Amino acid sequence: MAEESLQPIRGMSDLAAPEICLWHALEQTARDIMSAYAFQEVRTPLVEQTAVFTRSLGDTTDIVQKEMYRVLDRGGRELTLRPEGTAGVMRHVSGLGQDGADARLYYLGPMFRAERPAAGRRRQFHQLGAEAIGPATAMADAEMIALQAHVLEAWGIKDFVVHLNTRGAPDDFSRVTEALRAALAGQRHTLCADCQRRYNENPLRILDCKVEQCAEQVAALPPITEWMGAPANAYVDEVLAWLERLNIPAVKNPRLVRGLDYYQHTVWEVTHSGLGAQDALSGGGRYALNMAGRPVEGVGFAIGLERVIAVLKAQGLVPESMMPRPDVFVVSHGDRAAEENLVLMQSLRLRGIAALMDVRGRSVKAQMRAANRSRSRFVIIRGDTELAAGTFQFKDMDAGSQAELDMPALMNRLLPGPAHAVANQAGDE
RNA sequence: GUGGGUGUAGCUCAGUUGGUUAGAGCGUCAGGUUGUGGUCCUGAAUGUCGCGGGUUCGAGUCCCGUCACUCACCCCA
């Protein structure tokens with residue numbers, strides 16, 4: 001066998017410049033908006049006891065059945081790399097007791113699912129999620145959808161669509177399940193293999209099957225809300241009313257049910273036409289379940305960062321344009337000058353000026369090339385001549401102009417510098 | 001998990017019906033007189049042709065396997 005191929009494992013990859021600059025920008029925007037909605041960040045462990053996920057997501061879900069990275073630790077305990085963020089947050093909240101009754105929390109980080117990678121789907125991917133813990137009210141649900149739309153818009157995502165549905169109250173659930181089985185009983189054998197299995201295990205999931213023959217039969221069914229009681233219907237309508245009041249466009253999609261068992265009442269998904277096969281940008285819903293003996297109710301969503309970035313790139317955004325520019329590159333000629341320039345560079349950095357220099361003792365020409373490649377805004381050249389005269393050559397790399405300055409004049413050019421270097425960044429080509 | 005496509009220098013790729021020292025563009029580095037970038041000119045370096053096996057006098061080129069990437073299905077973010 002090959003000695004060792006230390007490459008990243010399938011579906012996981014490094015995230016570095018220039019792409020990382022885009023991530024920083026998105027993260028900063030998201031944190032600001034979360035603060036505006038009074039959400040606090042929570043960082044739960046990347047690994048939890050397997051039961052945290054199996055109990056909350058549901059045993060029959062695809063995530064639990066075939067997509068979790070499960071490992072045994074030294075004590076033989078069953079652990080799992082988190083496939084989503086909600087379960088860990090609920091576990092956290094259940095430990096807070098009364099203090100967790102109205103928690104407003106968000107998270108941002110990697111999730112793991114052992115799937116076959118494809119466009120918009122990785123084994124390690126990243127989600128921004130938010131959870132509002134508290135009693136079920138339509139206003140709380142609408143607020144979350146508004147928050148989510150706010151984030152997507154602030155990131156510059158255009159033309160996303162919010163699909164909304166209800167899974168009904170808990171006591172509607174069995175009624176809908178039975179009604180579905182009854183409605184499909186006759187044509188059961190014409191459904192796809194997966195749906196025949198779902199017919200027994202979880203008939204709701206048949207509703208969002210993409211196989212054509214199933215979709216046709218589903219289209220002929222009445223909307224599931226007809227089998228639900230009046231309270232459940234009143235609840236969704238109220239959510240829709242609040243959204244309208246907030247000017248958040250949303251379309252009702254009676255086939256949307258989502259794949260996780262903990263949802264009840266409002267569920268939604270945001271799609272974008274520019275994504276291809278995996279067109280879901282984010283999803284969320286209201287849930288209720290028992291975590292460690294404590295009931296936890298809440299509403300939340302998760303946005304797939306990789307997919308957001310795919311849309312932004314499709315919209316023409318280039319990560320390279322977001323790379324920060326160094327303010328100044330220091331060029332030396334002669335050992336004495338190099339020594340003094342190292343000290344100069346350090347003092348510039350202490351004042352917040354982004355500075356760098358060549359540390360290999362290369363020719364002035366090579367240093368200038370390096371300065372150009374680094375996209376530095378300015379170059380300071382100080383050799384033996386300048387050292388003797390107590391001056392600096394100060395070159396504007398964009399304009400190509402150069403002037404000889406003394407120390408006060410140099411500082412004068414550089415200290416207000418970051419401001420106009422930033423202003424310049426937007427306009428460079 | 002199932003199916004399709006791909007895998008040749010840092011990057012994007014070419015490589016004719018298997019034939020002798022494997023190429024281009026971009027990038028990198030160095031020069032174009034002795035202290036100056038981005039344009040131009042000249043030159044240089046870099047490949048276990050994904051990995052393993054097989055067929056053959058001979059394989060980047062054919063066959064098998066394997067790994068990875070990629071796309072679709074499934075499901076989801």
Side-chain angles (χ1 to χ4, degrees), chain A residues 1-5 7-13 57 60-67 82-86 108-129 148 152 192-195 197-198 205 208-212 214 256-260 269-272 275-284 301-311 329 331-334 337-338 358 360 362-387 393-402 428-429:
Chain A
M1 302 291 103
E3 287 309 322
E4 36 181 355
S5 67
Q7 53 183 312
I9 66 180
R10 194 172 178 56
M12 307 194 185
S13 47
L57 304 184
T60 64
T61 58
D62 283 349
I63 291 181
V64 168
Q65 283 188 341
K66 51 185 193 186
E67 294 171 6
R82 63 181 190 191
E84 56 97 62
T86 305
L108 177 50
M111 306 295 164
F112 304 86
R113 290 192 337 210
E115 300 178 276
R116 189 87 164 251
R121 194 178 58 204
R122 316 243 62 206
R123 289 186 165 184
Q124 176 174 338
F125 61 102
H126 298 78
Q127 289 187 332
L128 165 70
Q148 182 187 37
L152 292 173
C192 72
D194 278 334
C195 284
R197 179 177 52 78
R198 289 173 185 140
R205 306 287 310 290
D208 62 358
C209 182
K210 270 83 179 175
V211 176
E212 203 175 327
C214 302
L256 179 71
V257 294
R258 300 193 46 78
L260 309 176
E269 211 164 275
V270 176
T271 62
H272 195 283
L275 278 176
Q278 276 75 39
D279 68 345
L281 213 48
S282 69
F301 64 81
I303 304 177
L305 279 301
E306 279 83 357
R307 292 187 184 175
V308 165
I309 283 170
V311 170
F329 194 106
V331 171
S332 313
H333 183 248
D358 172 79
R360 282 183 286 189
R362 296 199 289 177
S363 69
V364 171
K365 188 187 186 79
Q367 291 180 66
M368 287 302 292
R369 268 205 282 263
N372 187 58
R373 216 177 330 102
S374 73
R375 298 169 59 242
S376 293
R377 181 72 182 82
F378 301 107
V379 167
I380 292 172
I381 306 161
R382 181 162 63 163
D384 303 325
T385 320
E386 288 80 11
L387 211 52
Q393 298 298 329
F394 185 78
K395 183 161 188 171
D396 182 322
M397 292 296 273
D398 290 348
S401 56
Q402 184 172 322
D428 79 305
E429 70 275 45

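Labels below follow one simple rule: chain letters A, B, ... track the order of the sequence lines, proteins then strands, and each chain is numbered from 1. This is a predicted model, so every value here is computed, not measured.
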Using the rule given for side chain to side chain donor-acceptor pair (under 3.5 Å), can you reason through A/Ser13 versus A/Arg122, listing the C-alpha separation, both sets of side-chain angles and the distance that settles it, and then say yes or no? CA-CA 9 Å; A/Ser13 47; A/Arg122 316 243 62 206; 2.9 Å; yes

Nearest-Å distance once atom C1' is located in both B/rG15 and B/rC49: 10 Å

By the 4.0 Å heavy-atom rule, please label A/Arg116 as base, sugar-phosphate, or nothing. base

With a 4.0 Å cut-off on heavy atoms, is A/Arg205 in touch with a base, just the backbone sugar-phosphate, or nothing at all? sugar-phosphate

Which is true for A/Gly85 with a 4.0 Å heavy-atom rule: it touches a base, it touches only sugar-phosphate, or it touches nothing? nothing

Look only at the side chain of A/Gln367 and the backbone of A/Arg362, and say whether a donor-acceptor pair between them is shorter than 3.5 Å. yes

As a test of your reading of the structure, name each stem of RNA chain B as range with range, where a stem is three or more consecutive Watson-Crick or G-U pairs at under 3.5 Å. B:1-7 with B:67-73, B:10-13 with B:23-26, B:28-32 with B:40-44, B:50-54 with B:62-66

Identify every side-chain donor-acceptor pair in residues 109-120 of chain A under 3.5 Å, counting partners at least two apart or on other chains, and give the distances.
unit_1	atom_1	unit_2	atom_2	d
A/Arg113	NH1	A/Pro83	O	2.5

Categorize A/Arg258 for me: base, sugar-phosphate, or nothing, with a 4.0 angstrom heavy-atom threshold over every strand shown. sugar-phosphate

Pick base, sugar-phosphate or nothing for A/Glu67, based on heavy-atom distances below 4.0 Å to the nucleic acid. sugar-phosphate

Is A/Ala119 touching bases, backbone alone, or none of the nucleic acid, heavy atoms closer than 4.0 Å? sugar-phosphate

Taking atom C1' in both B/rA44 and B/rC51, what distance in whole Å separates the two? 32 Å

Considering only side-chain heavy atoms of A/Glu115, which listed nucleotide, B/rU70, B/rA77, B/rU36, is closest? B/rA77

Say we look at B/rG65 and B/rU21: how far apart would their P atoms be, to the nearest angstrom? 31 Å

Are OP1 or OP2 of B/rG37 and a side-chain N or O of A/Arg377 less than 4.0 angstrom apart? no

Just to be sure I understand the rule, does A/Gln402 reach a base, reach only the sugar-phosphate, or reach nothing, if contact means heavy atoms closer than 4.0 Å? base

Polar atoms only, N or O, under 3.5 Å: list the protein pairs with nucleotides 38-43 of chain B and their distances.
unit_1	atom_1	unit_2	atom_2	d
B/rG38	O4'	A/Asn372	ND2	3.0

Using a 4.0 Å heavy-atom cut-off across all strands, classify A/Ile63 as base, sugar-phosphate, or nothing. nothing

Integer angstrom distance from the C1' of B/rA72 to that of B/rC40: 48 Å

Whole-angstrom distance between B/rU6 and B/rU12, as gauged at atom C1': 14 Å

Name the nucleic acid region contacted by A/Gly129, choosing base, sugar-phosphate or nothing; use a 4.0 angstrom heavy-atom cut-off, strictly under. nothing

Remember a base hit wins even if backbone is also touched, and classify A/Glu386 as base, sugar-phosphate or nothing at under 4.0 Å, heavy atoms. base

